[in-house]
Amino acid sequence: MPTYNPKVIEPRWQRFWEERKTFRTPDLSAKAKYYILDMFPYPSGAGLHVGHPEGYTATDILARYRRMRGFNVLHPMGWDAFGLPAEQYAIQTGTHPRQTTQANINEFRRQIRMLGFSYDWDREVDTTDPHYFKWTQWIFLVLFDTWYDHEQKCGRPIAELPIPAAIESQGSLAVQKYQDGKRLAYQAEVPVNWCPELGTVLANEEVIDGKSERGGHPVVRMPLRQWLLRITDYAERLLDDLTLVDWPESIKKMQRDWIGKSEGAEVDFALRPDRSMADVKLSPDLQPVAFNKPIRVFTTRPDTLFGATYMVLAPEHPLVKTITTPLKREEVEAYVVQAARKSDLERTELAKKKTGVFTGAYAINPVNQEATPIWIADYVLASYGTGAIMAVPAHDERDFEFAQQYRLPIRPVVLPPADWLAKSRVCEIVQKVGDGTYPGNETLAEFEATVVSQAARVWTQAGGDRVRITERLYRMHCELFADCFVEEGIAFNSGSFDGLTTAEFKTKITDWLEEKNNGQKKINFKLRDWLFSRQRYWGEPFPILHEIDETGKPTGAIRALSIEELPLILPELEDYKPSGKPEPPLGKASAWVRVTRDGKRYLRETNTMPQWAGSCWYYLRYLDAKNDKTFCDPGKEKTWMPVDLYVGGAEHAVLHLLYSRFWHKVLFDRGYVHFPEPFKRLVNQGMILGEMEYTTYTRQGAWISLPEVERSGTEGLEAVKLTEDQVEKKGDAIVLKENPAIRIDARAHKMSKARGNVINPDHVVDEYGADSLRLYEMFMGPLEATKPWSMRGVEGVYRFLNRVWRLVIDERAEEMRLLDTIEDVKPDRETERLLHHTIKRVTDDLESMSFNTAIAAMMEFTNHLTRQAVRPRSVLRTFVLLLSPFAPHLAEELWRSFENSETLAFEAWPTYDEALLKADQIEVPVQINGKLRGKLQVRADIDPAALEKAALADEKIKALLEGKTVRKVIVVPGKLVNIVVA
RNA sequence: GCCGAAGUGGCGGAAUGGCAGACGCGCCGGACUCAAAAUCCGGUCCAGGCAACUGGGUGUGGGUUCAAGUCCCACCUUCGGCACCA
């Protein structure tokens with residue numbers, strides 16, 4: 001019985017494609033190129049997850065579709081295989097990460113192949129393969145060999161870096177150090193979260209309350225020598241070139257925000273020497289301070305300089321120690337220590353209330369020579385700008401909050417526009433006072449009383465105009481306004497600058513500062529240089545040597561390996577256990593670490609690269625995956641780049657995509673790639689959640705309704721899972737059927753092992769086949785949306801595929817053969833019209849990546865065909881081609897049953913005839929005042945005048961129009977008639 | 001707190017400003033069967049009515065328009081991202 005059996009036909013076609021290399025992509029082709037790329041997976045031990053095939057299916061459908069449209073399609077797959085889990089497994093079991101990784105890759109490859117994707121497997125890459133990471137190391141050397149020329153806005157070879165004469169004269173070591181300081185890959189001491197217990201450095205988000213997220217071990221912040229990449233040099237271009245790519249606006253915005261460009265000025269505040277000097281004299285143990293060194297602040301609002309009432313330094317600011325007066329020393333030091341103990345997260349997220357300490361020192365505001373008290377507070381970050389700010393509490397939320405906390409003066413210098421003033425609570429009170437509707441004094445709060453009495457004083461001066469009264473109150477008592485005004489306005493209290501708009505003021509004051517040598521224009525970025533080294537084993541080793549002297553001490557000189565020495569392969573280790581010291585495990589490979597070159601002794605760099613490294617450039621290696629001479633042949637690069645469509649999860653919106661773009665730009669500057677951006681178009685697939693879950697809670701067997709659970713938490717409650725038919729919808733709440741007073745929680749959750757709601761693709765394929773899995777993943781909803789899984793939905797598309805099968809194949813026959821109802825006849829008018837309509841819908845939907853509606857269109861057409869007694873062969877042939885990108889195994893099987901060709905993969909995509917799309921007769925709705933009142937059967941080509949006449953002549957409409965005046969008739973040809981009556 | 005996306009039947013979701021709910025799931029009824037499964041046919045937004053039909057309906061409240069799920073304003077909820085960046 002030739003029933004639809006995916007278990008038989010799917011492996012058969014997969015074998016066919018593999019053996020014939022159906023999807024091998026030629027590098028040379030007369031066809032137009034199309035590079036369609038998936039974000040390659042990290043092959044975890046858990047195996048494929050149904051989230052992976054979502055994007056892979058979408059790209060595969062498009063790849064197959066493009067091939068049929070005559071494109072030379074590049075569609076590759078590979079493995080992002082370095083990573084921590086394999087290493088942790090090695091620590092526990094002693095199994096080499098390579099083994100674990102290989103096993104995981106094999107499993108992932110098996111699972112991906114079982115889904116019938118049309119990848120060119122000859123191009124497979126694996127980031128842990130020395131043939132691959134040789135070139136990752138090589139790109140690192142390119143970064144190492146590049147400095148950024150800010151004048152030409154271009155990365156250039158280090159040999160072209162101009163060396164100042166003063167350096168030159170100090171000899172070659174000085175020159176080398178100067179160059180090292182300019183390279184895109186450089187070393188620096190940076191504070192990291194070190195967890196001795198786990199023997200590793202942790203990312204900020206892995207540290208909670210100063211303890212490791214896993215295990216709760218103490219974490220210390222300590223400076224460590226690290227490799228960094230100077231991505232900040234490229235900040236401006238990473239920002240600007242976003243205009244060159246077709247990405248979702250939301251992702252572009254996230255990247256822009258991450259880069260965080262802000263324009264403003266740096267301003268120097270001189271220290272006031274007087275009182276502190278006196279203090280210094282009083283305590284002989286203290287060294288006198290260099291008071292000629294000013295405090296430099298960064299501000300985006302130099303126009304508010306006259307409103308600066310205090311200054312704040314970050315606790316880590318280098319001047320804190322020197323400026324603090326002896327009287328304040330103890331308090332300040334305690335605060336600094338306390339701040340240092342807090343992790344970055346604690347300092348931001350948890351610190352709702354601002355804290356700070358006065359240093360006792362004052363600085364001089366350059367615009368008005370006012371003495372300004374200097375505080376330290378951890379709401380100012382050492383890592384941004386200059387680590388110091390001028391505080392303008394009247395026009396900055398944070399300063400406003402801090403000033404209120406410590407009762408510091410608030411001086412307004414920017415007058416808000418009238419509408420802002422009019423919306424304020426103060427204006428409301430003024431209004432009431434004016435209207436005489438304000439209640440008696442006894443009910444007034446202190447603030448209201450102040451407003452009322454102050455308003456009275458300026459009432460006549462302002463001519464009774466309420467907004468002007470409010471304005472006067474703002475000038476005198478801006479602290480009465482609950483909201484701090486942070487937008488642009490007109491300057492006042494600002495000496496000769498009064499009356500200027502914010503924009504004018506900024507330009508003028510910046511010029512003035514520059515003239516007086518007190519500051520200059522400055523652009524700052526939030527983006528930090530990229531911390532590129534990890535103290536791990538399972539990563540790419542750095543191709544770098546550190547020179548040591550006779551005593552074994554580093555001289556500070558570093559040397560890059562030559563390309564002939566690449567790849568630098570990881571040494572074998574006995575054990576991968578952490579040493580308890582912040583030293584990378586590679587340090588244990590003593591024979592590997594010690595190297596002699598040209599009579600000099602070196603130690604190898606023992607840090608390894610982060611997981612991002614391999615994924616930063618894999619899309620280039622696919623173009624020339626087996627080349628041992630270069631990372632990618634320039635001709636091939638020119639042929640294929642940029643990537644036409646890149647599909648992957650939104651979790652990579654910032655880091656991966658930003659890092660890749662950065663590397664690509666460096667390669668571009670150095671002439672290795674021809675286009676400044678790697679990914680022309682980007683689409684993010686949404687997350688797939690687990691099946692819908694209905695949960696209620698009980699306490700000692702008694703149901704607890706959801707609102708109560710939300711109020712008091714789940715402490716002491718027992719969660720009970722319910723089935724779909726135990727619950728029902730009541731209003732907009734889901735309640736328990738047996739007790740509708742109990743509201744329950746109904747939602748789909750993220751799939752996770754812990755929750756036990758993970759769907760395994762193997763099981764789905766085993767039960768329904770790969771075509772059903774593919775089709776269901778696409779039918780669930782829009783690609784970009786987050787959507788819950790439903791096994792019943794899989795069954796639905798499985799039934800559809802069965803229906804398609806039975807449309808063609810005679811299930812009652814002994815052999816595979818076509819149904820007798822399939823004949824070589826011309827389709828009837830309606831079938832032909834529907835076929836062309838379906839071709840149009842599927843084609844349009846593929847172009848817009850609306851896979852769900854394309855499938856719906858094919859289902860509709862199938863439903864039509866099922867009802868037909870005779871099925872023209874030509875129609876089925878075309879339909880199978882339409883279906884083939886979605887359900888390729890089934891389509892190939894059916895294709896073979898009525899065509900001689902071996903595969904349909906390169907058949908021409910069906911086209912439609914516009915003329916055949918139109919029906920002869922159409923139904924046109926007739927509305928009266930926008931309400932549907934009747935329907936008209938008319939010829940499709942009816943002209944508007946005739947349509948209007950027909951509508952007015954309709955019996956039903958005529959009856960409804962009885963005694964009414966027709967004001968207007970709107971006729972939308974072929975669409976509707978709307979009669980407007982009085 | 002800020003930014004972004006989204007709120008449509010019992011569920012997933014469709015609808016260039018023009019008939020809301022395509023398609024699928026589920027459910028109800030029927031055919032086939034000794035029976036069941038599978039399959040096929042019909043029905044299925046809500047309320048009223050035997051029915052033809054009538055009224056209401058796209059998170060809430062306003063507005064624009066001959067016409068609003070769609071456009072504008074305000075708000076509510078959910079999800080995702082960011083987190084004192086001066």
Side-chain angles (χ1 to χ4, degrees), chain A residues 3 248-251 253-254 257-258 260-262 264 297-301 304 312 344-345 347-349 351-352 354 377-381 383-392 395-399 401-402 486 524-528 650-651 653-654 686-687 689 692 724-725 727-729 732 734 746-748 750 776 779-782 784-797 799-800 802-803 806 811 850 852-860 862-863 866-867 923-935 967-970 972 974-981:
Chain A
T3 52
E249 256 332 293
S250 59
I251 302 288
K253 195 173 168 359
M254 279 165 82
D257 290 351
W258 192 266
K261 178 179 178 173
S262 54
V297 301
F298 173 71
T299 176
T300 53
R301 293 295 298 269
T304 59
V312 186
D344 280 1
L345 276 182
R347 276 176 64 164
T348 57
E349 208 163 345
K352 292 261 184 287
K354 293 198 175 12
D378 62 7
Y379 82 90
V380 171
L381 307 174
S383 52
Y384 183 76
T386 61
I389 61 152
M390 61 174 204
V392 185
H395 304 294
D396 182 283
E397 298 276 7
R398 298 149 299 183
D399 299 341
E401 217 180 288
F402 190 79
V486 298
N524 258 321
F525 294 94
K526 235 155 69 172
L527 186 68
R528 290 292 115 76
E651 66 272 22
V654 178
M687 207 191 331
L689 306 174
M692 182 75 110
E724 207 184 319
D725 39 59
V727 304
E728 64 185 344
K729 194 163 178 177
D732 38 357
I734 311 284
R747 63 175 67 203
K750 224 185 240 188
Y776 175 64
F779 190 59
M780 292 171 87
E784 295 90 334
T786 301
K787 41 211 178 281
W789 186 267
S790 156
M791 265 314 174
R792 278 179 178 158
V794 184
E795 198 147 339
V797 295
R799 285 207 282 256
F800 162 65
N802 268 285
R803 229 155 41 234
R806 286 195 305 268
E811 286 190 307
S850 310
N852 54 334
T853 48
I855 294 166
M858 290 189 286
M859 285 173 167
E860 283 178 61
T862 306
N863 292 344
T866 304
R867 286 190 289 267
E923 195 186 61
V924 174
V926 182
Q927 300 179 334
I928 295 176
N929 285 347
K931 278 194 201 290
L932 182 67
R933 282 297 181 255
K935 284 176 184 178
R967 284 285 154 92
K968 197 169 161 190
V969 180
I970 283 144
V972 183
K975 279 279 192 209
L976 107 171
V977 179
N978 188 12
I979 302 163
V980 186
V981 299

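First the proteins, then the strands, lettered A, B, ... as listed; each starts at 1.
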Problem set entry | Residue Lys354(A), side-chain atoms from C-beta onward, closest of C84(B), C23(B), C19(B) |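 Nearest to the side-chain atoms of Lys354(A), counting from C-beta on, is C84(B).
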Seminar exercise, completed: Of the listed G24(B), C19(B), A86(B), the closest approach to the Thr299(A) side chain comes from A86(B)
If you measure from the [atom1] atom in [N] to the same atom in [M], how many Å do you get, rounded?
N	M	atom1	value
U44(B)	G21(B)	P	11 Å
A14(B)	C19(B)	C1'	14 Å
G10(B)	C27(B)	C1'	9 Å
U16(B)	G29(B)	C1'	39 Å

Under 4.0 Å, counting only non-hydrogen atoms across every strand here, what does [X] touch: a base, just sugar-phosphate, or nothing?
X	result
Lys935(A)	base
Arg933(A)	sugar-phosphate
Arg747(A)	sugar-phosphate
Asn978(A)	base

Seminar exercise, completed: Checking N1-N3 plus N6-O4 or O6-N4 for Watson-Crick, or N1-O2 and O6-N3 for wobble, each under 3.5 Å, the partner of C23(B) is G12(B)
Exercise. Is there a Watson-Crick or G-U wobble partner for U77(B) with both distances under 3.5 Å, and if so, which one is it?
Worked result: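 Because both required distances fall under 3.5 Å, U77(B) counts as paired with A6(B).
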Exercise. Which sits closer to the 5' end of RNA chain B, Ile734(A) or Ile970(A), going by the nucleotide each is nearest to?
Worked result: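 The answer here is Ile734(A).
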For this session: Return the 5'-most residue of the pair Gly781(A), Ile389(A) with respect to RNA chain B, ranking by each residue's nearest nucleotide.
Result: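 Of the two residues, Gly781(A) wins.
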For this session: Taking all heavy atoms of Ile734(A) and all of Ala746(A), pick out the closest pair and write down the distance.
Result: CG1-CB, 3.9 Å
Problem set entry | Separation of atom CE in Met692(A) from atom P in G24(B), rounded to whole Å |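 Going from CE in Met692(A) over to P in G24(B) covers 21 Å.
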For this session: Just say parallel, tilted or perpendicular for the rings of Tyr384(A) and Phe298(A), cut-offs at 30° and 60°.
Result: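 Ring orientation of Tyr384(A) relative to Phe298(A): perpendicular.
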